[in-house]
Amino acid sequence: MLDMQRIRENPDAITQATINKKSPVAIDELLELDSRRKNIIQEVEQLKNVRNERSQDVARLKKEKKDATELIDSMKQVSEKIKDLDIEQKKIEDEMYAIQIRIPNVPHSTTPHGNCEKDNVVVAQWGEKPVFNFKLKDHIELGTSLGIIDFPRGAKISGAGFPVLKGMGALLERALLNFFLDIHTVKNGYTEVFPPFLVNEASLFGTGQLPKSREQMYYIGDDDLFCIPTAEVPVTNLHRDEVLEMKDLPVKYCAYSACFRREAGSYGKDTKGYLRVHQFNKVELVKIVEPSTSYLEHESLRNDAESILKALGLHYRVLSLCDADLSFAAAKCYDLEAWAPGEGKFLEVSSCSNFEDFQARRMNLKYRPGAGEKPRFAHTLNGSGLATARIIVAILETYQTEQGTVRVPEVLQKYMNEIVEIKPT
RNA sequence: GGAGGAAUAGGAUAAUGGUAAUCCAACGGUCUUGAAAACCGUCGUGCGCAAGCACUUGGGGGUUCGAGUCCCUCUUCCUCCGCCA
């Protein structure tokens, strides 16, 4: 949600931004409604002023035991008029709101301009592509032959896109999540949160998934709840409709959650294996910050996510997403992509976004700059730190040996009962 | 799932249907070497340079000239009963 004042002052720039972001919105229509609304407000507030004053007169007359019938009768017309105007105003505001909630966030000045994901800019690389002197297996072969990922049985009990982890696979998953949480809580200063995995509509509106991406989520109609697509939703919404104190900023949360995505419309894309699944695990990082610090906090958020990839010894690159590829709510976003040798491509394992005050406006999340000062909207950020499904792919494929086993990255060994190699069972 | 009760500003508390009073906390000031105390002021939101105006008693509707108050409805919390990992 954008500030109406900002839209009034920069209509052309915002119209262009919505086009660049591939979600054009009729800003001129919105401004037309805005000026109609202004006129109505002027008229109705004047009438309300009359009503308030005459009501006081009625009270005075009654107190003095005088007749107020005439005054009361004359006020009936005014009240009728107010009622009509109120309805008219509400109608216009509803129309405005319907447009406003579909305006995407405006990209930050440092966000590159482009037409599609091919125009994303590589801003950093770490490590090098590992070199192998034997024929590589992909994670499906490795996972199956090692007996740690079971695709067919997952399909049997739930459906395609619900693989089952077993034995060392399940342990690896658990080790990764614990490792992520330990790094972020102990080393990076985040407070751990264990959120609900089902949320209501208001929460999804707050972070921007609704109304635009309804079809991407699992919905439980009997209770009007949605399965979360990311822990970003419950965690950012923890402070919805709140005013935070300056001393509590920046708020830094990390949270494990399962993530549920229907992936509607992505059929034919990454259908095989563990690359695009309906349920995966992720540790999410969420920050609520003072606006002037948000871009510094964005860089440090990216650093925190990168530190995990470095510790795991995975080759990766960092993309700055172009405006066309930026999500609805984001002003700027870095994608972290880990190299998967078996696939021969980079896999997105983290998305670090700065939403500025876009989400904060939608969820009414404010902070008080100082004692006695008026509350202002905070800035919110989040990033994966990290998502496991694809990290497991990268690990299996990067650390595979000629014998078909997989070496365990050193930092994970203490989380895996000191096992150093995953062998077939 | 059933039966009761409750919700007023950061907290606490008032208001015969007549337009939200008061206390505490917080903040600014006076006084003071400094602090405390005392005293004065600010202390829900929006618009406005301002004067001011409008809005605000958990959310949404209704009755009324006028609703914190009456009616309907939803939400949350508390107590009890039932069910349950």
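Proteins get letters first, then strands, A, B, ... in listed order; numbering begins at 1 in each.
For the OP1/OP2 pair of G46(B) and a distance below 4.0 Å, the side-chain nitrogens and oxygens of Lys374(A) include at least one atom meeting the criterion. Phosphate proximity of C47(B) to Arg8(A): absent, as no side-chain N or O sits under 4.0 Å from OP1 or OP2. The phosphate of U64(B) has neither OP1 nor OP2 within less than 4.0 Å of any side-chain N or O from Ser79(A). Side-chain N/O atoms of Lys76(A) include one lying less than 4.0 angstrom from OP1 or OP2 on C65(B). Considering only side-chain N and O atoms, Asn52(A) lies nowhere under 4.0 angstrom from the phosphate OP1 or OP2 of C65(B). Between A26(B) and Lys247(A), no contact under 4.0 Å exists linking OP1 or OP2 to a side-chain N or O.
Using cut-offs of 30° and 60° for the angle between ring planes, the Tyr253(A) and His239(A) rings count as parallel. Between Tyr219(A) and Phe226(A), the ring planes are tilted. Angles from 30° to 60° get that label. In this pair, Tyr295(A) and His108(A) present their aromatic rings parallel. The plane angle is below 30°, not in the 30 to 60° band.
Rounded to a whole Å, the CD atom of Glu80(A) is 14 Å from the C1' atom of G62(B). For the pair Asp57(A) CG and U19(B) P, the interatomic distance rounds to 13 Å; values are reported in whole Å. U75(B) atom C1' lies 13 Å from atom CG of Asp241(A), rounded to whole Å. Nucleotide A54(B) holds its C1' atom 15 Å from the CD atom of Glu43(A), rounded to whole Å. Separating the CZ atom of Arg54(A) from the P atom of A54(B) is a distance of 12 Å, rounded to the nearest angstrom. Protein atom CE of Met4(A) is 13 Å distant from nucleotide atom P of G48(B), rounded to whole Å. Following rounding to the nearest Å, Arg60(A) (CZ) and U19(B) (P) show an atom-to-atom distance of 11 Å. Taking atom CD of Gln42(A) as the reference point, atom P of C55(B) lies 16 Å away to the nearest angstrom.
For the C1' atoms, the distance linking G11(B) with A25(B) amounts to 7 Å, nearest Å. To the nearest whole angstrom, the two P atoms, one in A26(B) and one in A21(B), are 22 Å apart. One P atom belongs to C70(B), the other to U16(B), and the distance between them is 11 Å to the nearest Å. For the C1' atom pair drawn from G44(B) and C39(B), the interatomic distance equals 26 Å after rounding to whole Å. If you take atom C1' in U32(B) and the same atom in A36(B), they sit 10 Å apart, rounded to whole Å. Taking atom P on both nucleotides, A50(B) is separated from C40(B) by 28 Å, rounded to a whole Å. Nucleotides C49(B) and A38(B) place their P atoms 40 Å apart, quoted to the nearest Å. The P atoms of G18(B) and U69(B) are separated by 11 Å, rounded to the nearest whole Å.
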Trace of the side-chain contact (heavy atoms from CB on, under 4.5 Å) decision for Leu165(A) with Tyr274(A): CA-CA 11 Å; Leu165(A) 292 167; Tyr274(A) 212 13; 3.4 Å; yes
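Screening Met96(A), Arg37(A), Glu9(A) against Met4(A) for a side chain to side chain contact (heavy atoms under 4.5 Å, CB included) leaves a single residue, Met96(A). Partner Cys322(A) forms a side chain to side chain contact (heavy atoms under 4.5 Å, CB included) with one of Leu319(A), Leu326(A), Asp325(A) and no other, that one being Asp325(A).
Across all strands shown, C77(B) forms a Watson-Crick or G-U wobble pair with G5(B), both key distances being under 3.5 Å. Shown here, U22(B) forms a base pair with A12(B); the pair counts as Watson-Crick or G-U wobble because both key distances fall under 3.5 Å. Remark: C53(B) base-pairs with G46(B). Criterion, Watson-Crick or G-U wobble with two distances under 3.5 Å. For C83(B), there is no paired base (Watson-Crick or G-U wobble, both distances below 3.5 Å). Under the Watson-Crick or G-U wobble criterion, with both distances below 3.5 Å, C39(B) is paired with G29(B).
Taking every side-chain heavy atom of Met75(A) into account, C65(B) is the closest of U45(B), C53(B), C65(B). Taking the side chain of Arg51(A) as heavy atoms from C-beta on, and the options U63(B), C55(B), C53(B), the nearest nucleotide is C55(B). Nearest to the side-chain atoms of Asn49(A) among the listed nucleotides A54(B), C55(B), G18(B) stands A54(B).
Toward the 5' end of RNA chain B, the nearer of the two residues Gln46(A) and Ser55(A), judged by each one's closest nucleotide, is Ser55(A). Two residues, Lys366(A) and Gln56(A), neighbour RNA chain B, and the one matched to the more 5' nucleotide by heavy-atom proximity is Gln56(A).
Residue contacts for Lys83(A): at a heavy-atom cut-off of 4.0 Å it reaches the sugar-phosphate backbone alone, with no base atom in range.
A cation-pi geometry, defined here as NZ or CZ lying under 6.0 Å from the six-membered ring centre and within 45° of its normal, holds between Arg362(A) and Phe205(A).
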